[in-house]
Amino acid sequence: MRVEGVRGMRDILPDETPLWQRLEEEIRELFSLYGYREIRVPIVERAELFSRGVGEETEVVEKQMYVFPDRKGLMLALRPEATASVVRAYVEHGLYAKGDLAKFYYLGPMFRYEKPQLGRQRQFHQYGVEAIGSPDPALDAEVMDLAWNLMERLKLRSEGLFLRVNSIGCRGDRPAYREALRGYLTAHEGELCPECRRRLETNPLRILDCKEEGCRALAREAPRSVDSLCPECRAHFDAVQAHLRELGLAHELDPTLVRGLDYYTRTVFELCSRDLGAQDALLGGGRYDGLVELLGGPPTPAVGFAGGMERLAIVVSAQGGGAPSSEPELDVYLVPIGDEARQEGMKLLAALRRRGIAADTDYMGRSLRKAMGVAGRSARRAAILGGDELSRREIKLKDLASGEERTIPLAQFRTDPIPFLR
RNA sequence: GGGAGCGUAGCUCAGUUGGCAGAGCACCGCGCUGUGGCCGCGGUGGUCGCGGGUUCAAGUCCCGUCGCUCCUCCCA
């Protein structure tokens with residue numbers, strides 16, 4: 001009976017993991033350079049963390065979240081994103097008590113029940129940062145600089161990338177904007193889909209990114225959030241843009257940019273690639289000045305972003321950055337001839353590995369000829385150990401690139417192999 | 001959520017009007033019994049995604065289903 005994998009859950013096979021490891025390394029290194037420290041939060045949380053934090057009315061919570069009861073009936077969820085968890089941890093451990101800006105980064109799997117396609121799986125992986133504790137517009141700009149810097153570090157062509165920025169205002173601006181929007185949309189209520197007619201009461205902002213054609217047409221003509229910012233939010237947004245210009249970060253203002261998660265306030269942004277298909281967002285983020293308080297902490301402003309690993313991997317390999325290296329990964333491939341040599345060889349292998357030498361041998365009963373073939377593909381050197389060598393307590397080392405061979409004392413190779421491998 | 005295309009060997013793919021299941025690569029063997037890459041010859045490998053139906057006969061036609069891909073949408 002053959003059991004298949006679950007739809008939307010992909011295996012990342014060894015041919016692909018070197019690319020992932022490289023991306024993860026670059027991400028960790030760069031985030032450290034900006035003062036972020038890694039936080040690891042659980043994959044499973046109480047479902048209410050997301051319905052409250054991310055928003056009951058969001059598509060992510062409403063339609064895409066994996067929710068299930070545990071054995072005692074507690075409603076749990078596989079995390080669809082990490083910001084709510086990081087903020088939960090921040091509040092739960094009283095990290096605000098340090099009175100300092102807290103900078104976290106994370107890396108890990110997220111889960112959303114969606115229709116899978118290129119760059120969109122049901123289990124996917126995100127990297128992201130959260131800077132919690134400061135309202136400074138310079139911090140918004142720093143976070144965007146970090147995002148852009150990551151792309152530079154991965155040598156992505158800047159022509160293929162673009163940064164979209166918008167401000168959706170603060171909670172104080174929301175009522176005025178919501179009413180402006182509701183007023184406009186109510187006047188055109190007949191053109192809305194049934195779902196959106198309901199949203200008109202509960203959350204008219206969501207109508208802006210409804211997928212129904214009629215709603216989209218209305219959304220294009222609707223009042224814009226940037227036009228109803230309070231003086232403070234206006235000033236904040238102006239300052240963010242000034243900092244972006246100062247940093248030389250090319251960006252475009254997009255008044256229709258609305259993030260899909262309810263916790264965002266003020267600055268929102270997306271870094272997109274022209275090399276992806278319909279899913280062109282490489283990463284997205286913004287401010288969430290109300291979330292800490294919403295989840296039971298003191299009023300605390302914050303900003304961050306999250307990016308998709310799968311999409312990053314697609315774009316990097318599309319630009320040749322993921323070329324699978326055909327470089328041999330082993331230092332030595334042992335080719336023993338005969339049972340006695342094989343026994344001796346196993347001791348040698350164990351010793352080499354304890355000296356930090358990457359070494360392997362054949363376990364498939366291959367002929368000498370075949371074993372040499374495997375050696376040629378996988379290692380820089382073959383170590384041939386047969387009766388002749390064994391009787392003289394020697395071993396033959398063959399450089400598989402040049403074909404050059406030399407015979408050396410076995411004991412010496414075992415205790416100090418490195419000089420022979422240069 | 002809506003729409004389209006595609007599922008044949010480990011991989012990439014042929015398969016005509018319904019008539020014996022194919023190629024290249026990979027793998028194994030031999031040429032070459034202690035030396036890889038090149039070459040030649042031979043071989044292993046298939047629930048034709050799965051389940052029904054039509055038919056003397058289905059990889060091929062029909063229905064369903066699962067999966068992948070793309071568009072739309074959503075977002076990372």
Side-chain angles (χ1 to χ4, degrees), chain A residues 1-2 4-10 13 15 54 58-64 79-83 107-128 147 193-195 206 208-213 215-216 219 257-261 264 268-273 276-285 304-315 326 328 333 335-338 341 362 364-390 396-405:
Chain A
M1 169 89 179
R2 181 161 158 172
E4 291 175 350
V6 175
R7 177 162 157 89
M9 313 275 174
R10 276 203 331 148
L13 299 175
D15 281 347
V54 173
T58 60
E59 179 131 351
V60 166
V61 168
E62 206 170 28
K63 297 180 184 161
Q64 302 182 337
R79 61 181 186 195
E81 61 107 49
T83 300
L107 226 48
M110 310 291 160
F111 302 83
R112 294 184 197 173
Y113 193 87
E114 293 198 85
K115 201 162 173 177
Q117 60 185 261
L118 185 68
R120 190 167 84 184
Q121 276 83 45
R122 288 181 178 179
Q123 175 175 336
F124 62 108
H125 298 77
Q126 283 189 336
Y127 56 91
C193 69
E195 181 87 341
R206 293 249 54 76
L208 287 182
D209 52 17
C210 177
K211 48 216 150 206
E212 298 294 330
E213 195 43 55
C215 304
R216 296 183 60 214
L257 178 62
V258 188
R259 310 262 70 228
L261 313 180
Y264 285 108
V268 293
F269 63 92
E270 257 179 28
L271 183 56
C272 302
S273 166
L276 289 164
Q279 280 71 259
D280 67 343
L282 272 172
L283 58 85
F305 71 74
M309 288 292 293
E310 281 81 0
R311 292 182 190 180
L312 202 53
I314 290 166
V315 174
S326 54
Y333 194 87
V335 182
I337 306 159
D362 173 62
M364 301 302 289
R366 286 192 171 87
S367 66
L368 172 67
R369 173 179 304 283
K370 281 291 161 188
M372 285 302 292
V374 175
R377 255 172 276 133
S378 59
R380 280 181 285 278
R381 285 183 176 75
I384 300 157
L385 187 60
D388 299 351
E389 289 82 8
L390 205 52
K396 201 181 275 181
L397 266 193
K398 178 170 185 168
D399 184 306
L400 290 160
S402 66
E404 181 196 336
E405 282 186 5

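Throughout, a chain's letter reflects where its sequence line sits, starting with A, and its residues are numbered from 1.
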Taking for A:Gly119 and for A:Val6 the nucleotide of RNA chain B with the nearest heavy atom, the one nearer the 5' end belongs to A:Val6
* Asked: If you find the nucleotide of RNA chain B closest to A:Met309 and the one closest to A:Arg10, which residue's nucleotide is nearer the 5' end?
  ->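 Taking each residue's closest nucleotide, the earlier one in sequence belongs to A:Arg10.
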Watson-Crick or G-U counterpart of [N], or none if no pair lies under 3.5 Å:
{"N": "B:rG18", "answer": "none"}
{"N": "B:rC75", "answer": "none"}
{"N": "B:rU60", "answer": "none"}
{"N": "B:rG24", "answer": "B:rC11"}
{"N": "B:rG5", "answer": "B:rC68"}
{"N": "B:rC38", "answer": "none"}

Nearest non-hydrogen partners of [X] and [Y], listed with the distance:
{"X": "A:Ala281", "Y": "A:Cys272", "value": "CA-SG, 4.0 Å"}
{"X": "A:Leu385", "Y": "A:Ala341", "value": "O-CB, 3.2 Å"}
{"X": "A:Arg79", "Y": "A:Pro109", "value": "NE-O, 2.8 Å"}
{"X": "A:Tyr127", "Y": "A:Leu282", "value": "OH-O, 4.0 Å"}
{"X": "A:Pro80", "Y": "A:Phe124", "value": "O-CZ, 4.0 Å"}
{"X": "A:Ala371", "Y": "A:Val335", "value": "CB-CG1, 4.0 Å"}

[atom1] of [X] versus [atom2] of [N]: gap in Å, rounded?
{"X": "A:Tyr113", "N": "B:rC73", "atom1": "OH", "atom2": "C1'", "answer": "17 Å"}
{"X": "A:Leu368", "N": "B:rG37", "atom1": "CG", "atom2": "C1'", "answer": "15 Å"}
{"X": "A:Arg259", "N": "B:rC74", "atom1": "CZ", "atom2": "P", "answer": "12 Å"}
{"X": "A:Arg122", "N": "B:rU69", "atom1": "CZ", "atom2": "P", "answer": "12 Å"}
{"X": "A:Lys396", "N": "B:rG34", "atom1": "NZ", "atom2": "P", "answer": "12 Å"}
{"X": "A:Met364", "N": "B:rC27", "atom1": "CE", "atom2": "P", "answer": "12 Å"}
{"X": "A:Ile314", "N": "B:rC70", "atom1": "CD1", "atom2": "C1'", "answer": "13 Å"}
{"X": "A:Arg120", "N": "B:rG1", "atom1": "CZ", "atom2": "P", "answer": "10 Å"}

Under 4.0 Å, heavy atoms only, any strand: does [X] hit a base, just the sugar-phosphate, or nothing?
{"X": "A:Gly386", "result": "base"}
{"X": "A:Glu81", "result": "nothing"}
{"X": "A:Glu389", "result": "base"}
{"X": "A:Glu114", "result": "base"}

### Task
Report yes if at least one side-chain N or O of A:Lys370 is closer than 4.0 Å to OP1 or OP2 of B:rC28; otherwise report no.
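So the side chain of A:Lys370 is within the cut-off, an N or O lying under 4.0 Å from OP1 or OP2 of B:rC28.
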Exercise for review: Taking only the side-chain nitrogens and oxygens of A:Arg369, find out if one of them lies under 4.0 Å from OP1 or OP2 of B:rC32.
Suggested key: no
Any idea which of [options] is nearest the [X] side chain?
{"X": "A:Gln117", "options": "B:rU35, B:rG29, B:rC73", "answer": "B:rC73"}
{"X": "A:Asp388", "options": "B:rG34, B:rA76, B:rC27", "answer": "B:rG34"}
{"X": "A:Pro116", "options": "B:rG36, B:rA76, B:rC68", "answer": "B:rC68"}
{"X": "A:Arg366", "options": "B:rC28, B:rC75, B:rC70", "answer": "B:rC28"}
{"X": "A:Glu59", "options": "B:rC74, B:rA76, B:rG67", "answer": "B:rC74"}
{"X": "A:Glu405", "options": "B:rU35, B:rG67, B:rC70", "answer": "B:rU35"}
{"X": "A:Ala281", "options": "B:rC28, B:rC75, B:rU35", "answer": "B:rC75"}
{"X": "A:Gln64", "options": "B:rC74, B:rG2, B:rG36", "answer": "B:rC74"}
{"X": "A:Leu400", "options": "B:rA76, B:rG36, B:rG34", "answer": "B:rG36"}

Result for side chain to side chain contact (heavy atoms under 4.5 Å, CB included) between A:Arg112 and one of A:Glu81, A:Gln121, A:Gln123, A:Arg122 points to A:Glu81
[N] versus [M] - spacing of their [atom1] atoms, nearest Å:
{"N": "B:rG52", "M": "B:rA58", "atom1": "C1'", "value": "13 Å"}
{"N": "B:rG34", "M": "B:rC38", "atom1": "P", "value": "22 Å"}
{"N": "B:rA4", "M": "B:rC27", "atom1": "C1'", "value": "38 Å"}
{"N": "B:rC6", "M": "B:rG59", "atom1": "C1'", "value": "14 Å"}
{"N": "B:rC74", "M": "B:rU16", "atom1": "P", "value": "42 Å"}
{"N": "B:rG3", "M": "B:rA9", "atom1": "P", "value": "30 Å"}
{"N": "B:rC11", "M": "B:rC68", "atom1": "P", "value": "15 Å"}
{"N": "B:rU8", "M": "B:rG15", "atom1": "P", "value": "14 Å"}

- Message: Base of B:rC75, side chain of A:Asp280 - is there a donor-acceptor contact under 3.5 Å?
- Response: yes
May I ask you to verify whether the side chain of A:Arg311 and the base of B:rC75 hold a donor-acceptor pair under 3.5 Å?
yes
Is there a donor-acceptor pair closer than 3.5 Å between any side-chain N or O of A:Arg311 and the backbone N or O of A:Gly119?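 Yes, because the side chain of A:Arg311 sits within donor-acceptor range (under 3.5 Å) of the backbone of A:Gly119.
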A:Val258/A:Tyr264 under side-chain contact (heavy atoms from CB on, under 4.5 Å): CA gap, chis, key distance, verdict: CA-CA 9 Å; A:Val258 188; A:Tyr264 285 108; over 6 Å; no
